[in-house]
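In what follows, a single structure is set out as structure tokens and then discussed.
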Amino acid sequence: MLLIAAAPLAGAAAGMVVDRYPAPDQDETCAAGSEEIRSVLLRSLHPGIEITCTTTAVVAAFALSAPLSLVAAGLSWVLLILTLIDLRYLEVPDAISLPLILAGLATTWWIKPQAVLEHAVAAAGAATAIWLLGEAFRRLRGVAGIGGGDVCLFAAAGAWVGLAALPTVVFLSGIFGLIAASLLVKLGWVAWRDHIPFVPAISAALWTVFLIPEQAWP
């Protein structure tokens, strides 16, 4: 109950972080469709962000026992911040995503110390594989397809859920990403060639898998 009661305050704090995040310099790569969706979806974060944080706290409280439910709720709130910043600016701040990797390893050490090395390998392997995939796409198509922020977040996913569950995160993020992209294109908010934020899909996949301890720490 204390976790759920604190969730609106966490939402207010998360909204403050997103609101105060400095806008990057805009260039011609920012498509008009992407500008429109950011304007429509993020005109006001409140009270939607408080409601979302409370919802994830309720889900975490029912899905996991304390104190793991507190960790799951905190993870969801950080992922929500990254998601909103990516939706608004098509950018993932290293100041948040990189510490998330360390937090995942620390959580693993706390829950299952013998799995820390495996989770560290998963983080490094995920970052390397996604970076290579993005580099191959860039060389093939001549444009960047995967940003550095996506690489960091996949590394964080490896740190939080380990090698065994990492393919599930990758698979779910692909499914979530395709569904979201198809919906946005169908609604006319973006075109297929526009830059489409992928952090929301990765975040949703990571948090879904983390809610199943048997997946993260088999």
Side-chain angles (χ1 to χ4, degrees), residues 1-24 37-111 119 123 149-150 152-161 165 169 172-173 176-177 180 197-213 215-217:
M1 294 301 296
L2 183 61
L3 170 63
I4 297 172
L9 296 177
M16 186 180 301
V17 172
V18 178
D19 284 336
R20 295 187 178 184
Y21 186 79
I37 184 174
R38 290 198 290 273
S39 175
V40 172
L41 294 183
L42 298 172
R43 187 173 293 118
S44 175
L45 296 176
H46 310 282
I49 191 168
E50 287 85 359
I51 294 173
T52 302
C53 285
T54 303
T55 301
T56 58
V58 171
V59 172
F62 278 93
L64 301 169
S65 58
L68 192 55
S69 58
L70 301 177
V71 176
L75 175 61
S76 73
W77 299 336
V78 174
L79 291 174
L80 180 60
I81 292 173
L82 291 174
T83 291
L84 292 174
I85 291 176
D86 191 38
L87 283 171
R88 177 170 279 181
Y89 299 124
L90 289 175
E91 183 171 295
V92 184
D94 291 340
I96 299 177
S97 59
L98 292 178
L100 196 61
I101 300 173
L102 298 178
L105 295 176
T107 300
T108 302
W109 176 83
W110 171 53
I111 296 172
H119 283 232
D150 298 333
C152 288
L153 198 52
F154 271 116
W160 280 88
V161 303
V169 174
L172 288 178
S173 62
F176 293 158
F198 194 46
V199 167
I202 305 173
S203 298
L206 169 56
W207 197 62
T208 299
V209 173
F210 184 78
L211 289 176
I212 309 173
Q215 284 281 329
W217 305 284

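Position 1 is the first residue of the sequence; numbering continues from there.
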Review point. Of all heavy-atom pairs between P8 and I4, which one has the smallest distance, and what is that distance?
Key: CD-O, 3.4 Å
Check your understanding: Sub-3.5 Å donor-acceptor pair from the side chain of S203 to the main-chain atoms of P200, do we have one?
Key -> no
Practice item. Using the side chain to side chain donor-acceptor pair (under 3.5 Å) rule, collect all pairs that involve residues 90-106, keeping only residues at least two apart or in two chains. Key: Y21-E91
Point to revise | Closest heavy-atom pair and its distance - F198, D86 | key: N-OD2, 3.4 Å
**Study point:** From NE2 (H46) to CG (D19), nearest 0.5 Å
**Key:** 4.5 Å
Exercise for review: Apply the test side-chain contact (heavy atoms from CB on, under 4.5 Å) to residues T55 and T52: give CA-CA distance (whole Å), side-chain angles for both, the deciding distance (0.1 Å), then the verdict.
Suggested key: CA-CA 5 Å; T55 301; T52 302; 5.6 Å; no
Check your understanding: Is the side chain of W160 donor-acceptor paired with the backbone N or O of L100 at a distance under 3.5 Å, no angle test?
Key -> yes
**Study point:** Crowding at CH2, W110 (>12 non-hydrogen neighbours, <6.0 Å)
**Key:** yes
**Study point:** Heavy-atom donor-acceptor pair, S173 side chain to L206 backbone, under 3.5 Å
**Key:** no
Review point. Which residue, L84, L90, T83, forms the side-chain contact (heavy atoms from CB on, under 4.5 Å) with V199?
Key: T83
**Study point:** Distance-minimising heavy-atom pair for A7 and T54
**Key:** CB-CA, 3.5 Å
Review point. What distance do L80 atom CG and I85 atom CD1 have between them, rounded to the nearest 0.5 Å?
Key: 10.0 Å
Review point. Should M16 and I49 count as side-chain neighbours, where that means a heavy-atom distance under 4.5 Å?
Key: no
Point to revise | V59/L211 under side-chain contact (heavy atoms from CB on, under 4.5 Å): CA gap, chis, key distance, verdict | key: CA-CA 9 Å; V59 172; L211 289 176; 3.9 Å; yes
**Study point:** For A159 against A123, the heavy-atom pair lying closest together
**Key:** N-CB, 3.8 Å
Exercise for review: Kindly compute the distance separating CD1 (I111) from CG (L68), expressed to the nearest 0.5 Å.
Suggested key: 4.5 Å
Point to revise | W77 side-chain N/O to G11 backbone N/O, donor-acceptor pair under 3.5 Å | key: no
Point to revise | Partner set under side-chain contact (heavy atoms from CB on, under 4.5 Å) for A180, not counting sequence neighbours | key: none
Review point. Are any of the side-chain heavy atoms of V92 and C152 separated by less than 4.5 Å?
Key: no
Exercise for review: Determine the minimum heavy-atom distance between A12 and E50, stating which atoms define it.
Suggested key: CA-OE2, 3.5 Å
Exercise for review: Check the pair V18 / Y89 against side-chain contact (heavy atoms from CB on, under 4.5 Å), numbers first and verdict last.
Suggested key: CA-CA 10 Å; V18 178; Y89 299 124; 5.9 Å; no
Practice item. Please tell me if the side chains of L79 and I202 come closer than 4.5 Å, counting only heavy atoms from C-beta onward. Key: no
Point to revise | Pairwise side-chain contact, L82 with P93, heavy-atom cut-off 4.5 Å (strictly under) | key: yes
Exercise for review: Quick one: closest heavy-atom pair of A95 and P99, and the distance?
Suggested key: O-CG, 3.2 Å
**Study point:** Any side-chain heavy-atom pair of W207 and V78 under 4.5 Å
**Key:** no
